[in-house]
Amino acid sequence: MTSYFISYDISQDRLRDKLAKLLQQKGCRRVQKSVFFVPDFSAKELKDLRVSVGQCLKSNLDPQDSVLCIPVTKSRLADLVWEGQSAGLQRSLNDDLHLLI
């Protein structure tokens, strides 16, 4: 299983809020307003998430909008450098469901 970061830049408030709610329902952890951490998803879970995101967005993205899913291996998680005191970031860092502890 691999962990991921999902980042999005969506101009429409309603669509952006809908996507954030979906990601949270699917077990993703918000670390910044538009960045979520996805702890240890299997290939099937990631595929299901991608389908759900596609259904949520339904071609409603503006041309300048984007959603990125960035894989991060267990060995690279320990190398991440974090700055800031975001409550979401701190909750995620202290959560036993992933490897940043």
Side-chain angles (χ1 to χ4, degrees):
M1 294 205 283
T2 303
S3 297
Y4 301 87
F5 284 101
I6 294 179
S7 175
Y8 53 84
D9 185 6
I10 297 175
S11 57
Q12 300 171 48
D13 293 342
R14 178 179 248 169
L15 189 58
R16 187 173 55 245
D17 293 343
K18 187 177 176 181
L19 178 59
K21 185 176 181 179
L22 170 75
L23 293 173
Q24 289 174 324
Q25 289 172 344
K26 295 289 186 177
C28 304
R29 309 276 187 226
R30 181 175 249 159
V31 295
Q32 292 182 341
K33 288 186 178 185
S34 62
V35 179
F36 283 77
F37 181 71
V38 186
D40 292 333
F41 269 31
S42 67
K44 181 186 180 328
E45 289 171 312
L46 185 64
K47 182 180 177 183
D48 291 345
L49 179 62
R50 185 174 186 176
V51 168
S52 295
V53 167
Q55 290 172 344
C56 173
L57 301 177
K58 294 181 188 168
S59 301
N60 290 322
L61 291 177
D62 290 337
Q64 71 275 9
D65 293 347
S66 63
V67 179
L68 299 173
C69 182
I70 305 160
V72 58
T73 61
K74 292 178 183 183
S75 63
R76 297 305 301 184
L77 280 172
D79 295 335
L80 294 176
V81 176
W82 295 96
E83 294 291 336
Q85 298 300 316
S86 160
L89 175 60
Q90 294 306 315
R91 270 194 311 276
S92 194
L93 289 172
N94 294 324
D95 190 338
D96 289 336
L97 294 178
H98 62 79
L99 305 170
L100 292 176
I101 296 174

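Sequence positions, counted from 1, serve as the residue numbers for this chain. Both backbone and side-chain heavy atoms feed into the values below; hydrogens, waters and symmetry mates do not.
Applying the side chain to side chain donor-acceptor pair (under 3.5 Å) rule to Gln12 yields the partners Asp62; only residues at least two apart in sequence or on another chain are considered. Looking at residues two or more places apart in sequence or on another chain, you find no side chain to side chain donor-acceptor pair (under 3.5 Å) involving Lys18. Contacts of Asp65 classified as side chain to side chain donor-acceptor pair (under 3.5 Å), with partners at least two apart in sequence or in another chain: Ser11. Every residue two or more places apart in sequence or in another chain that forms a salt bridge (charged side-chain N to carboxylate O under 4.0 Å, His left out) with Arg16 is listed here: Asp13. Remark: Tyr4 pairs with no residue by the side chain to side chain donor-acceptor pair (under 3.5 Å) rule, at least two apart or across chains. Checked against side-chain contact (heavy atoms from CB on, under 4.5 Å), Lys47 has no partners two or more places apart in sequence or in another chain. In this structure, the side-chain contact (heavy atoms from CB on, under 4.5 Å) partners of Ser7, at least two apart in sequence or on a different chain, are Val35. Not counting sequence neighbours, the partners of Ser42 by the side-chain contact (heavy atoms from CB on, under 4.5 Å) test are Met1, Lys44, Glu45.
Inter-residue side-chain proximity for Phe41 and Thr2 is flagged as unmet; no heavy-atom pair is nearer than 4.5 Å. Taking the side chain as every heavy atom from C-beta outward, Ile6 and Ile70 never approach each other to under 4.5 Å. At least one side-chain heavy atom of Cys69 sits under 4.5 Å from a side-chain heavy atom of Leu46. Residues Leu61 and Leu15 are in side-chain contact: their nearest non-hydrogen atoms beyond the backbone lie under 4.5 Å apart.
When all heavy atoms are compared, the tightest approach of Lys33 to Tyr8 is O-OH, 3.2 Å. The minimum heavy-atom distance linking Phe36 with Gln24 is given by the pair CE2-CG, 3.5 Å.
Hydrophobic cluster membership for Val51: none, as no Ile, Leu, Val, Met, Phe, Trp or Tyr side chain comes under 4.5 Å of it.
The side chain to side chain donor-acceptor pair (under 3.5 Å) pairs that include a residue from residues 49-61 are Lys26-Ser52, where partners are two or more places apart or lie in different chains.
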**Item:** Cys28 and Phe37: CA distance, side-chain angles, deciding distance, side chain to side chain contact (heavy atoms under 4.5 Å, CB included) verdict
**Value:** CA-CA 6 Å; Cys28 304; Phe37 181 71; over 6 Å; no
**Residues Val53, Leu22; criterion side chain to side chain contact (heavy atoms under 4.5 Å, CB included); working and verdict** = CA-CA 8 Å; Val53 167; Leu22 170 75; 4.0 Å; yes
**Prompt:** So Ile10 and Ser66, side chain to side chain contact (heavy atoms under 4.5 Å, CB included) or not? Walk me through it.
**Reply:** CA-CA 6 Å; Ile10 297 175; Ser66 63; over 6 Å; no
**Message:** What verdict does the side chain to side chain contact (heavy atoms under 4.5 Å, CB included) test give for Val38 and Phe5, after you've listed the backbone C-alpha separation in whole Å, the side-chain angles of each residue and the deciding distance to 0.1 Å?
**Reply:** CA-CA 6 Å; Val38 186; Phe5 284 101; over 6 Å; no
